[in-house]
Amino acid sequence: MEVTDVVCPLCGCVCDDVVVEVEDNKVTKVKGACAVGKSKLMGHGRITSPAIRENGILKDCSYDAAIKRTAEILAAARRPLMYGWSSTVCEASKVGIELAEEIGAVIDNTASVCHGPSVLAIQDVGLPSCTLGEVKNRADLVIYWGANPAAAHGNHMKRYSYISKGYFLPEGKKEKKLAVVDVRETKSAKLADVFIRIEPGKDYLVLSALRALLLGYEDVVPEEVGGVPKKDLLELVKMMEETKFGIIFFGMGVTHSRGRHNNIVNAIQVTRAAHKHTKFNIMPMRGHYNVNGFNQVCTWETGFPYSVDLSEGYAWYNPGETSSTDLLMRGECDAALFIATDPGAHFPGESIRHLSKIPVIQIDPYANPTTEFADVVIPAAISGIEAEGTVYRMDNIPLRLRKIVDTEYMTDEAIMKGILKETRLLTLSRRL
Amino acid sequence: MFVCMSKKRIKMGIEVKLINGRTVAQGSNLENKLSEEYFNAAAICELNGSDMEKLGVAVGEHVKVKTNAGEVVVKAKKADGNPEGVAFMPMGPWANAVVSGNTHGAGMPQFKGMDAKIEKTGEAVLPVKELLQGYMK
Amino acid sequence: MAIELLIKNGVVYDPINGVNGEKKDICIRDGKVVAEVKNPTVLDAKGRVVMPGGVDVHAHIAGGKVNSGRLFRPEDGRRGSEPKTTACRACSGYSVPNTFATGYRYAKMGYTFVMEPAMPPLAARHTHEELIDTPILDNATIPLIDNNWMTMDYVKSGDIDLLAAYIAWIIKATKGYGVKVVNPGGTEAWAWAKNCDLNDAVPHFDVTPAEIVKALAEANEKFEMPHSIHVHGNMLGHPGNYEMTLDTYDLVKGVKATKDRPVMHATHTQFFAYGGTTWGDFESKAKAIADYVNNNEHVSIDLGSVILGDTTTMTADGPMEYSLHQITGRKWTNHDVELETGSGITPFLYSGKVSVHTLQWAIGMELALLIKDPWKVALTTDHPNAGPFVGYPILISMLMSKKRRDESAADMHSAIYKKAELPSIDRELDLYEIAIITRAGTAKILGLDAHGKGHLGLGADADVAIYDITPEERDAGKIQKAFLNTKYTIKGGQVVVMDGEVVAAPAGRTFFVTPECDPKLTEEMMPNLKDKFEHYYSVTFANYPVQDAYVPNPYEIKAPMRG
C-alpha cells in the first residue's frame, strides 16, 4: 500500500510530501525523504519491553509496572528534571508540562543544547523572519551561517531555499545566489557561489564587521576580520544590499561557539541593518522535527520556552540557572525523566556523571547510550510512523504527523498520561 | 606497553580548535546508536591532511583527543575541508567525552571551538557501553 | 439528573431582551436559561448587577504571533506569575498571558466568549491548539483572507463567485469563523519591505486594497455568514489616516447584507481616527469617524482604546510594526507567511505624559461617547495592542464617570485640552449601555445572539456574570473593582468564579462557520488552488486543512449560499 503526504519525523524541515510503501504493517520503501529521514522511516532495532533495573541489570516488566515505578520515583523526588520532548509530538509535551507542575519539576528540552542561545537572542532583539515558502518564492540570496544542511537538513535547499523554484524565481537556482559562512569547507560550502571561511570562535567579530559595512561605516573595518579579508566581506555586503529578498539561515555553528547568544544577537542586528537596504530575514535551522513544538507549547502553557522551573508552583525561567546542563553540573536534581532524547550521547560527558547517582527514567523507542544508566526503561511508539500528533516546523508552521503503521507500543502521550495519573494518586494520598 | 607514552610522543601532539556537529552517517544512525554503523560514524575525528601528517597518523589509526574536561580515543579520518588546526568530531558520546559542562551562565555548553590537544595513540577506541561505564565509577 | 441553578434577587441587564435593570430571577438547567427550575442550587445575588457573560469581539489571545510575543518577552511573563491552585494551572504574563491565565482572567471579569481575530490560515492549527488550552472561554477565530494570492487572483479577474468559493474553502479548512482583513495588499507588499495606500496597486498583483475590501465584502455576503467582514484597513497608526478610514467604510456602502447586521466591522478604530500630517500636528478625528457611523448603518466598530502602561503590540500588519519599532528602537519580531499574510510584534509603552499617547487614550473613549447608538460600538483594547484585556474595567469606569475622566485628564499631557474632544464630552454610559458594548452588541455584531450568546432569554447559554455592585453605585473605583473580579461567573450553567477566584475551569467550545458553497463553483476554483499548493506553498494540499482533532468541542454554524 502506498501512503502519500507522509510527514517526516526527523529534522526541523518536516518535509510533508514523502511517499512510503507499507507492506504487512512495515515500511518497505521511502520516496522523497533525504538519506537521514529515509533511514528513520525504514526503521531500526527497538526496545522490546518495558524494564526496571534490579541489581544493576534491566529486567523486563509490564507497562503498568514501569509506569508505577516511574510515578514512585517522581513523587518521591524533591528536584526532578524532565528533559527531552523534541522528537515527540506536542500532545505528549502538554501532559509532561502538567506533570511537571504537579511534582514541581524543572522541564527542559533539547533547545537547551542546540538553539537555546537563539531564544535568548530573540528575547533581546526579536527575530525578523518568515515561513519557508516565502524563501522558496522570493529569496534570491540565501546565506547559511554555521549550518551544513547537506548533512543535517538534507532536503532544505531542495524544498525551500537555494535549489527550489518559486513564484518570483521560476528558474530556481539560476536566479539565486548562495553564500556559506563556516569554519570548514562543508558539503554545503562546496555548492556555494561564495564561501567565507572564518576562524573558529570569530563569528561575533565577522558579524560586527558586516554590520558596520551595512550601516556605512567601512572606515572602522580592518583589512582582515576573523580570518576573512575585508574585500570578501565587502563582496558579501554588496550581495546583501542588491538582493530583493535575502535570508540568513544559522545553525549550531553559531549557537555552540564562543559568544553563544551574543553571536545570534549580532546576526539578527546584521539582518536589521540589511533590512535598511532591502527585505532581509533570518531563521534558526532547528534540528529535531519538534524541538520548536516543545518551545511553542511550553511558551503558551507556562509563558516561557524551555528550562522552566516549576518547583515554586509558578514558572521560573532562567537558563544558566534552570537549564539541564547546569542542574546536572551542580549535582542538584535527584531524579530525571528523559523522553525522546539521549543525554547519554548528547550531553557533555562530565554532566552525565551525576546521572549515574540518581534514578533515571527513559522513554524512547530505541535503546541508546542513555539506556546504559536508565533505571526504568519504557519503550514508546514512534511518532510520525506509529502515532500521530502535532509538530512545529523550524518556521513555526504546525503540521500533523501521520500514523502509517499499527503498533502495540504505547504512545508517548499515553505513557505520560499514565505517569501523571499514577503520580497524582501518590501525591494525593501523601496529602491525605 | 605502548600506552606508556614517551615524552617524544607527547611532543608529537598538535593543538587544535575542536568542533563537533552533524554528519549524514551519524544522523542516519541516531536511532541506532548501539550499532557498529554508529560506532564507525561517530567515534572519529576528522583532520586536515597536513595535521595528520604532523601527527604521523594514517586514516583509521587512533588518536587521543584531550581537553580540560577529559580525553577520548577515536579513529582518525581525513577531511581536507577542515583548515589546518581545526578538528571535527561528529556529535555523540565520544565527542562529548571532552566537552566541558561549564555553560558560563548561558545554559549552553561550548560544543564548538574548544581548545584541544590531539596525539597519536595505540589505545583502543572504547565501544559506547564501555565509554558510558566510565561515568558510573 | 438535571443540574439546576437559580440566581435570585439580581438586578438584570439583558439588552437583547430589553431588560434594563429589572429585579429578576434567572433559572438555569443543563447549561441553558429556562423558564423554571424544580430543585435548584440557589445563588442569592442580593441586588447585585447581573449580566449575560461578556463577549469580546476582538482580542489576540491565541496563535503564532501571540506566542512569539510571549516567547520574546519573558519580562512580561514574569510580571504575571501566579502559582497553581487546586482549580488552576500556573499563570504568567500581563500583556501576553499564558493560555491558562487568559481563560481565568477573562472569566474573573465575567467574560465567557472571546473572538481571536487574526488567524494565519497556514498556521491555523497553532491557533486552535492554543484555544484548546484556553480554559472556560467559548471562542472562535477568523482567518486572514485579504493578502492571499488566491483572493487577489479573483479580485483581479473580478470573479466574485469564485472568490466566494475560495473563502468558503479556506474558512472550512481552517475551522474559522469569517473573513479577516488586515492591511489589504500592504502585507503582501511588506514581503518586499513596501506598503500600500488604499488605492495603490499591490506590487506584482495589479489590484488595489480598495478592490480587495469591496470584493471580500461581496463574497462574504454570498453566504448567510453570522459576521460581516472584519476589517483592519490600510495605514493603521499613521497621522492623518482618518480620511482613508472613511473611504474604506464607503467602499462597502452599497453591499447588501444577507442578515440583519452591518456589512463591515471596522476594528480597533482608535488607531484609524487620526488627524494631522505628522506626529507633531497629530490630533483626534474621532468626531469625524463618529459622525460617519452615526449617519450610516453598514458599519460597526470596536474601540481599540488605550490602557496606559507597557504592552506588546502585534498584528498581521507587518509594515506598521516595523514603523513602530523604528520609532521606539525596541525589539522587533516579524513573520511573513507565504501566499497569505504576515505579522509583526514589538513592545510599546503608552505614557500619559506623552502628547501622542494621551491623544490616543482620549480618542478611544471619544469614539465610545460620540457614537450615539451603543449597538454599533464594541469595547475593546485590541488586546494587547492598545493595552491588555485586564484593563477593560478601567475603561468601563471611565466611560461611566465624567469625574474620573476629568481627574485622569488633569494628570496627563495638556495636549488633551487642545487636540481632543474628550474633556468637553459630558456623556456617561449607564450599565445598560455597558452591557451592550461588552456583550449584547458584540454578540449581535458576531451573529452569536442567534446561538445563545450575549443574552439571558429562554434557551440562551447559561453564561452569567454577577458583579459585586448595586445599580446605584457611582464610585468609579468600586465600579472598576467589581468589573475586574465578579462575585460569580457562571459558564454553561457551572459556577466557574466565586468571590473573584476561579473555582472550576471547564473546557470551552470553538464556534466555526461552514459556508455552504455551490459544489460547481468549488470545482471550478479548485485547479487554481491546487496549482498554488503544487508550486508555491511549502506544505501539501492534503496536509493543509485543520483536522477535527483540533476542535475537540465544536459548535458548527452553517452558512447557506444565497441563491
Side-chain angles (χ1 to χ4, degrees), chain A residues 4-5 7 16-17 90 94 98 101-102 119 122-138 159-160 165-168 244-245 272 275 278-281 295-297 299-305 310 312-317 388 390 392-393 395-400 402, chain C residues 62 64 66-68 70-74 76-78 80-84 89-93 96-101 122-126 129-130 133 149 190-193 204 322 325 330-339 342 345-346 535-543 547 549-550:
Chain A
T4 62
D5 302 285
V7 186
D16 72 333
D17 59 348
C90 295
K94 288 185 193 182
E98 197 171 354
E101 258 186 41
E102 185 72 30
V119 172
I122 292 164
Q123 289 169 342
D124 191 357
V125 288
L127 186 80
S129 194
C130 60
T131 65
L132 289 165
E134 282 290 273
V135 178
K136 167 189 163 86
N137 287 312
R138 301 183 204 260
R159 267 175 67 82
Y160 307 122
K165 290 176 180 174
Y167 185 79
F168 296 102
K244 289 196 186 76
F245 185 111
R272 286 185 359 186
H275 205 285
T278 183
K279 184 76 177 184
F280 230 93
N281 305 277
N295 297 142
Q296 295 290 341
V297 174
T299 300
W300 82 62
E301 289 207 337
T302 74
F304 308 96
L310 291 154
E312 300 288 337
Y314 60 87
W316 176 249
Y317 162 75
E388 59 182 347
T390 318
Y392 286 72
R393 214 165 62 181
D395 58 348
N396 298 348
I397 294 306
L399 285 157
R400 188 164 184 83
R402 289 169 188 270
Chain C
V66 179
N67 217 32
S68 294
R70 294 183 190 109
L71 185 142
F72 96 147
R73 295 210 68 194
D76 189 90
R78 290 181 187 113
S81 289
E82 297 171 58
K84 74 189 278 278
R89 302 284 299 270
C91 292
S92 70
V96 277
N98 64 341
T99 53
F100 304 125
L122 183 58
R125 263 175 289 269
H126 184 163
E129 278 221 284
E130 290 198 21
D133 267 352
W149 294 1
W190 178 241
W192 304 113
H204 302 287
Y322 184 67
H325 150 70
R330 294 178 75 175
K331 56 190 165 186
W332 165 63
T333 276
N334 182 80
H335 201 70
D336 295 342
V337 178
E338 67 210 54
L339 288 90
I345 315 166
T346 194
H535 295 109
Y536 309 126
Y537 269 111
S538 64
V539 302
T540 69
F541 182 73
N543 285 321
Q547 293 84 353
Y550 297 94

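Below, chain A is the first sequence line, B the second, and so on; all start at residue 1.
- Relative orientation of the A:Y392 and C:H126 rings is perpendicular, given thresholds of 30° and 60° on the angle between their planes.
- Interface residue C:L339: backbone and side-chain heavy atoms are both found under 4.5 Å from chain A.
- Checked against a 6.0 Å centroid threshold, the rings of C:H204 and A:Y167 do not count as neighbours.
- Separation of atoms CZ (C:R125) and CD (C:E129) is listed at 9.5 Å; rounding is to 0.5 Å.
- The CG atom of A:L132 sits 7.5 Å away from atom CD of C:E338, with the distance rounded to the nearest 0.5 Å.
- Of the residues considered (A:P128, A:G126, A:S129), A:S129 shows the highest number of contacts with chain C, using heavy-atom pairs under 4.5 Å.
- Residue with the most contacts toward chain C among A:E102, A:R159, A:R402: A:R402 (heavy-atom pairs, distance under 4.5 Å).
- Ranked by non-hydrogen atom pairs under 4.5 Å with chain A, the options C:R70, C:K84, C:R73, C:R89 are led by C:R89.
- Only the side chain of A:N137 comes within contact range of chain C, judged by heavy atoms closer than 4.5 Å.
- The side-chain hydrogen bond (donor to acceptor under 3.5 Å, both in side chains) test applied to C:R78 returns no partner, not counting sequence neighbours.
- A donor-acceptor pair under 3.5 Å links the side-chain atoms of A:K136 to the main chain of C:H535, judged by distance alone.
- Only the backbone of C:Y537 comes within less than 4.5 Å of a heavy atom in chain A; its side chain stays farther off.
- In this structure, the separation between NE2 on C:H325 and CD1 on C:I345 is 13.0 Å, given to the nearest 0.5 Å.
- Only the side chain of C:S68 comes within less than 4.5 Å of a heavy atom in chain A; its backbone stays farther off.
- If you tally non-hydrogen atom pairs under 4.5 Å between each of A:E388, A:K165, A:K244, A:Q296 and chain C, the highest count goes to A:Q296.
- Note on C:W192, C:W149, C:F100, C:F541: by heavy-atom pairs under 4.5 Å with chain A, the leading option is C:W192.
- Looking at C:E130 and C:T99, their side chains never bring a donor and an acceptor atom within 3.5 Å of each other.
- Between C:Y322 and C:W190, the two ring planes are tilted [angle within 30° to 60°].
- With a 4.5 angstrom heavy-atom cutoff, C:E82 touches chain A only via backbone atoms.
- For the options C:P74, C:G77, C:A549, heavy-atom pairs under 4.5 Å to chain A are most numerous at C:P74.
- For A:I397, the part lying near chain C is the side chain, with the backbone staying farther off; criterion is any non-hydrogen pair under 4.5 Å.
- The parts of C:N67 that come within reach of chain A are both its backbone and its side chain, each placing non-hydrogen atoms under 4.5 angstrom from that chain.
- Both the backbone and the side chain of A:R138 come within less than 4.5 Å of a heavy atom of chain C.
- For A:N281, the side-chain hydrogen bond (donor to acceptor under 3.5 Å, both in side chains) criterion is met by no residue, not counting sequence neighbours.
- Side chain of C:D133 to main chain of C:N98: no donor-acceptor pair is present (N/O by atom type, distance under 3.5 Å, no hydrogens or angles).
- With a 4.5 angstrom heavy-atom cutoff, C:A101 does not touch chain A via any of its atoms.
- The part of A:Y160 that comes within reach of chain C is its side chain, from C-beta onward, which places non-hydrogen atoms under 4.5 angstrom from that chain.
- The choice from A:G303, A:G166, A:C130 that makes the most heavy-atom pairs within less than 4.5 Å of chain C is A:C130.
- Using a 4.5 Å cut-off between heavy atoms, A:V135 makes no contact with chain C at all.
- Going from atom OG of C:S538 over to atom CG of A:D16 covers 7.5 Å, rounded to the nearest 0.5 Å.
- Contact annotation for A:E312: only backbone heavy atoms (N, CA, C, O) come within less than 4.5 Å of a heavy atom of chain C.
- For chain A, the option among C:A124, C:A191, C:P97 with the highest count of heavy-atom pairs below 4.5 Å is C:A191.
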